[in-house]
Amino acid sequence: RVRKARDVVHLSKSCDDTFNQLVQGGVSTDELYNTVCKQEVEIVLTAHPTQINRRTLQYKHLRLAHLLEYRDRKDLGSEDKEMLIEDLVREITSLWQTDELRRHKPTPVDEARAGLHIVEQSLWKAVPHYLRRVSSALKKHTGRPLPLTCTPIKFGSWMGGDRDGNPNVTAKVTKDVSLLSRWMAIDLYIREIDSLRFELSMNQCSDRLSRLAHEILEKEALSEDRHESWNQTLSWNQSKHHSQQAPSLPTQLPARADLPSCTECNDVESHYPRLDLPGTEYKPLNRQDGQNSSRLDSSFQDSHIHLPKTSANGNIANSSNAQSKMGARAASFSSSHLLAQRKLFAESQIGRTSFQKLLEPSIQPGIAPYRLILGNVKEKLMKTRKRLELLLEDLPCEQDPCDFYETSDQLLEPLLLCYDSLRSCGSGVLADGRLADLIRRVATFGMVLLKLDLRQESGRHSEALDAIARYLDMGTYSEWDEERRLEFLTRELKGKRPLVPPTIEVAADVREVLDTFRVAAELGSDSLGAYVISMASNASDVLAVELLQKDARLAICGELGRPCPGG
């Protein structure tokens, strides 16, 4: 098909031809420019039952296409052609022996993951290439290129958000899919930054970018000094800990210690001496302290240190060996704990492990300022990716907002600074290459790659409001006419207090609706596209969603007028 298409003269549908026809048809250049810049087309991806091709087969077909294209090269020698035929045979053999059908029903997360791979495999490369063609054609016919941060294309997704009639799409699925989409976007940006750092190796830059590079160097030097000081402190504490001997254990148990406690008078304090063990909080087992539990603290339990066995004459068997083993284990536990502390501190202060730092080239002041700026961008992107991984695993994540990117504007700022610097130094041809493509990707895909649309049937919202109204003894929402519903919804929308109490007890399907709105408020509008209400027939169907969104926003943020996280 490719070879035949090369020889066929077909009607061109390029941007250049289209803009030329519009200008020839009487459209002014200003009108053409403004219309293209304001144009918004949103392409929404959705999972469909007819999409049966496995991703594995798609990759194999793509590999075959590349091999066939490579085979048409005129400069291939006989040995290269033979090796290429062998590669083709291998791909075909692998294709024949791979199951073409999915043997299990994909989950909503599986469908979303497949959609993200489509972005990675196709759209990620196609979008900047297309926008570069639009910009060139626009500049040719209007004298002005397409602004870098202006993109006529946006992408959305229903995968993981369309819950109408699909009970498998839960609030947790929506949250996981949205976070996974963010993770994929950050991972793709990290790859692009790596390539861009290799390309922008020049030294000449603007004064503003030079100042920022020096600030980054000073900050890293300060962090290095702090890290070195911390290392020295930890090493001193570690050596001091090793120099101190573990407290010695008694070599003989006190008299009558083998007798039950009931043989002693319970009205007086026990006269047995306390047996102090390293890392324990010992409490005497007498009547006065009977209410306290005598147990070892967690640090001692984790060390797996057991009391030595006693012999028949009451002496501790092998007391010296037990004591030395106990001290060695306690020292080993403390040493590993100190090393873990040092590693955590280093990662929090410098942003990368010592091993990762060895892989990075050392940068001196005045050399490769673009690489310095982009290296700082990469560090923040890696912290952002790590934060998303923790959120996906439902682990606590407490980071300084300055250490990670939350909005696309934060990521665009250093990239646009590099772009302006290159243009001002006469390197516009470099600025309009890979860097411009990355800026356009950020403007198109943002920090979420695909904005998630939520879709639910209007009756589910009515059921939720009905359960809330009955719980609050306000009546039965499902039995109200449209006029009374509108009066209730309008009044609650104007109020400043939450409608749904935190301790409300409702059915599982109603709880799922409320949890969906709560997750939407946590994700924020930057991660979400449209809320689609299927089977909506009245104004109350729309206001019901508005009220549930407002209530979830109040529950998350605590006040009106304060934006949700991420917008």
Open item on the list: Counting C-beta onward and ignoring hydrogens, is there a side-chain heavy-atom pair between E389 and L392 closer than 4.5 Å?
Closed with: no
Task: Side-chain (D551) to main-chain (V500) donor-acceptor, under 3.5 angstrom - done: yes
Task: Partners meeting ring-ring contact (aromatic ring centres under 6.0 Å, His included) with W480 (sequence neighbours left out) - done: Y477, F488
- [ ] Please round to the nearest 0.5 Å and tell me the distance separating atom CG of L188 and atom CG of L449.
- [x] 6.0 Å
- [ ] Using a strict 4.0 Å threshold on nitrogen-to-oxygen distance, state whether E199 and R434 make a salt bridge.
- [x] yes
Task: Min side-chain heavy-atom separation D509-R460 under 4.5 Å - done: yes
Task: Spacing of T170 atom OG1 and R511 atom CZ [to the nearest 0.5 Å] - done: 14.0 Å
Task: Rounded distance [0.5 Å steps], NE2 in H66 versus NE2 in H61 - done: 13.5 Å
Open item on the list: Quick check: do S181 and L116 have side-chain heavy atoms less than 4.5 Å from each other?
Closed with: yes
Open item on the list: Applying side chain to side chain contact (heavy atoms under 4.5 Å, CB included) to D453 and R455, what does each step give before you reach the verdict?
Closed with: CA-CA 7 Å; D453 289 353; R455 181 170 179 251; over 6 Å; no
Task: Between NE2 on residue H141 and SG on residue C15, distance to nearest 0.5 Å - done: 9.5 Å
TODO: Step by step, work out the salt bridge (Lys or Arg N to Asp or Glu O under 4.0 Å) result for D403 and K380.
DONE: CA-CA 6 Å; D403 288 341; K380 294 185 70 172; over 6 Å; no
TODO: Taking E393 for its side chain and L395 for its backbone only, find out whether a donor-acceptor pair lies under 3.5 Å.
DONE: no
TODO: Check the surroundings of atom CG in D99: do more than 12 heavy atoms from other residues, nucleotides or ligands lie under 6.0 Å from it?
DONE: yes
Open item on the list: Is it the case that atom CD in E413 sees more than 12 heavy atoms from other parts of the structure closer than 6.0 Å?
Closed with: no
TODO: Might you confirm whether atom CZ of R144 has over 12 heavy atoms from other residues, nucleotides or ligands at distances under 6.0 Å?
DONE: yes
Task: M474, CE: over 12 other non-hydrogen atoms inside 6.0 angstrom - done: yes
Open item on the list: I'd like to know if K378 and D194 make a salt bridge, using a cut-off of under 4.0 Å between side-chain N and carboxylate O.
Closed with: yes
Open item on the list: For a salt bridge (Lys or Arg N to Asp or Glu O under 4.0 Å) check, start with the C-alpha distance between D176 and K172, then their side-chain angles and the critical distance, and finish with the verdict.
Closed with: CA-CA 6 Å; D176 288 347; K172 187 179 187 314; 2.7 Å; yes
Open item on the list: For L486, is there any backbone N or O sitting under 3.5 Å from a side-chain donor or acceptor partner on T490?
Closed with: yes
Task: Non-hydrogen atoms of S462 and R485 that approach each other most closely - done: OG-NH1, 4.1 Å
- [ ] To the nearest 0.5 Å, tell me how far L148 CG sits from L412 CG.
- [x] 9.5 Å
- [ ] Kindly indicate whether the side chain of S210, heavy atoms from C-beta on, has any atom under 4.5 Å from the side chain of P369.
- [x] no
- [ ] Locate the shortest heavy-atom distance separating S421 from S206; write the atom from each residue and the value.
- [x] OG-N, 2.9 Å
Task: Check against side-chain hydrogen bond (donor to acceptor under 3.5 Å, both in side chains), E192 and W124 - done: CA-CA 11 Å; E192 293 298 326; W124 188 255; 3.2 Å; yes
TODO: Show your reasoning for whether side chain to side chain contact (heavy atoms under 4.5 Å, CB included) applies to L543 and L547.
DONE: CA-CA 6 Å; L543 292 184; L547 177 59; over 6 Å; no
Task: Close side-chain approach of D432 to Y419, heavy-atom, < 4.5 Å - done: yes
Task: Side-chain heavy atoms of T174 within contact of R163, under 4.5 Å - done: yes
Open item on the list: With a 4.0 Å cut-off on N to O distance, would you call R497 and E492 a salt bridge?
Closed with: yes
- [ ] Apply side chain to side chain contact (heavy atoms under 4.5 Å, CB included) to the pair D110 and R113, showing each step before the final yes or no.
- [x] CA-CA 5 Å; D110 291 334; R113 193 182 297 112; 2.9 Å; yes
- [ ] Salt-bridge test for R441 and D437: reply yes if a basic N is under 4.0 Å from a carboxylate O, no otherwise.
- [x] no
Open item on the list: Between R385 and I190, is there a side-chain heavy-atom distance shorter than 4.5 Å?
Closed with: yes
Task: Over all atoms of both residues, closest heavy-atom pair of V519 and K175 - done: CG1-CB, 3.7 Å
Open item on the list: Using a 3.5 Å distance criterion without hydrogens, assess whether the side chain of E463 forms a donor-acceptor pair with backbone atoms of V510.
Closed with: no
Open item on the list: Measuring from atom CG of L415 to atom CD1 of I373, what distance do you get when rounded to the nearest 0.5 angstrom?
Closed with: 10.5 Å
Task: Check: Y531 ring centre within less than 6.0 Å of F517 ring centre - done: yes
- [ ] Could you walk me through whether E215 and K219 pass the salt bridge (Lys or Arg N to Asp or Glu O under 4.0 Å) test, one step at a time?
- [x] CA-CA 6 Å; E215 290 176 5; K219 184 178 179 181; over 6 Å; no
Task: E482-S540 side chain donor-acceptor pair, cut-off 3.5 Å - done: yes
TODO: For G160 and L452, work out which heavy atoms get closest and say how close.
DONE: O-CD2, 4.1 Å
Task: K550 (side chain) donor-acceptor with G495 (main chain) under 3.5 angstrom - done: yes
TODO: Identify, with sequence neighbours excluded, every residue that meets side-chain contact (heavy atoms from CB on, under 4.5 Å) alongside K60.
DONE: T56, E91, S94, L95, T98
TODO: Output yes when a side-chain donor or acceptor of R440 lies under 3.5 Å from a complementary backbone atom of L435, and no otherwise.
DONE: no
Task: Neighbour count above 12 (heavy atom, 6.0 Å) for Y59 OH - done: yes
Open item on the list: In the structure I gave you, are the side-chain heavy atoms of S201 and Y370 within less than 4.5 Å of one another anywhere?
Closed with: no
- [ ] Please answer whether the main-chain N or O of L146 pairs with a side-chain N or O of S135 as donor and acceptor at a distance below 3.5 Å.
- [x] yes
- [ ] Indicate yes or no for a side-chain donor-acceptor contact from E31 to the backbone of V27 under 3.5 Å, with no hydrogens or angles considered.
- [x] no
Task: side chain to side chain contact (heavy atoms under 4.5 Å, CB included) between N168 and V173, worked out - done: CA-CA 8 Å; N168 296 322; V173 167; over 6 Å; no
Open item on the list: Can you confirm if the NZ or CZ of K383 lies within 45° of the ring axis of F404 and under 6.0 Å from the centre of its six-membered ring?
Closed with: no
Open item on the list: I'd like to know if the side chain of S527 and the backbone of S178 have a donor-acceptor N/O pair within less than 3.5 Å.
Closed with: no
Open item on the list: Does either side chain, that of T29 or that of T142, offer a donor lying less than 3.5 Å from an acceptor on the other one?
Closed with: no
- [ ] Say whether, by atom type as modelled, one donor and one acceptor occur between the side chain of T476 and the main chain of E479 under 3.5 angstrom.
- [x] no
Open item on the list: Please find the pair of heavy atoms, one from L22 and one from L32, that lie closest to each other, and give the distance.
Closed with: CD1-CD1, 3.8 Å
Task: Qualifying residues under salt bridge (Lys or Arg N to Asp or Glu O under 4.0 Å), relative to D466, sequence neighbours excluded - done: R470
Open item on the list: Quick check: closest heavy atoms across T384 and Y405, and the distance to 0.1 Å?
Closed with: OG1-N, 2.9 Å
